[in-house]
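Read the structure below first, then the notes.
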Amino acid sequence: MRVISLPCPHCQSPVRAAKSRTMSSMMKEITYQCQNVECGHTFVATLEVSRTVSLSAMPNPEVRIPISSRAFLAAKNQMTLDLATA
């Protein structure tokens with residue numbers, strides 16, 4: 001599995017995740033440290049669920065995630081197909 005990361009915003013060197021903190025079931029804060037010793041920048045970034053691209057087969061009714069237009073159309077088309085075969 002590939003680790004999602006971004007370069008240091010100042011020197012573009014690789015960074016490493018030093019720690020993370022769960023803010024909610026939809027968001028995490030991640031503290032990154034630049035690996036360039038001459039830069040030394042430490043910063044916090046957020047990882048957040050932003051939209052659904054494929055609907056869950058086990059949806060949690062308490063979770064509200066916007067649905068991408070592509071996923072919406074696919075679900076709508078699936079419902080139309082299901083009704084047509086019934």
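Residue numbers start at 1 and run along the sequence shown.
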Hphob cluster co-occupancy, [X] + [Y], side-chain heavy atoms under 4.5 angstrom:
X: Val49; Y: Leu47; answer: no
X: Leu6; Y: Ile30; answer: yes
X: Val63; Y: Ile67; answer: no

For [X] and [Y], indicate whether the former's side chain and the latter's backbone hold a donor-acceptor pair under 3.5 Å.
X: Thr52; Y: Leu55; answer: no
X: Thr46; Y: Glu48; answer: no
X: Thr22; Y: Ser24; answer: no

Please give me the minimum heavy-atom distance between Val15 and Cys8, naming the atom from each residue. CG1-N, 3.5 Å
Which atoms form the tightest heavy-atom contact between Met26 and Arg64, and what is the distance?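 Smallest interatomic distance, heavy atoms only, reads CE-O, 3.8 Å.
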Just do the side chain to side chain contact (heavy atoms under 4.5 Å, CB included) check on Met23 and Lys28 with the steps written out, would you? CA-CA 5 Å; Met23 305 303 286; Lys28 208 175 233 197; 5.9 Å; no
Just wondering, are more than 12 heavy atoms of other shown residues or ligands nearer than 6.0 Å to CZ in Arg16? yes
If I take atom [atom1] from residue [X] and atom [atom2] from residue [Y], how far apart are they, to the nearest 0.5 angstrom?
X: Gln33; Y: Ser13; atom1: CD; atom2: OG; result: 13.5 Å
X: Ser69; Y: Arg51; atom1: OG; atom2: CZ; result: 8.5 Å
X: Gln12; Y: Cys34; atom1: CD; atom2: SG; result: 9.5 Å
X: Ile65; Y: Ser50; atom1: CD1; atom2: OG; result: 9.0 Å

Does anything in residues 34-65 form a ring pair (Phe, Tyr, Trp, His ring centres under 6.0 Å)? List the pairs, not counting sequence neighbours. His10-His41, Tyr32-Phe43, His41-Phe43
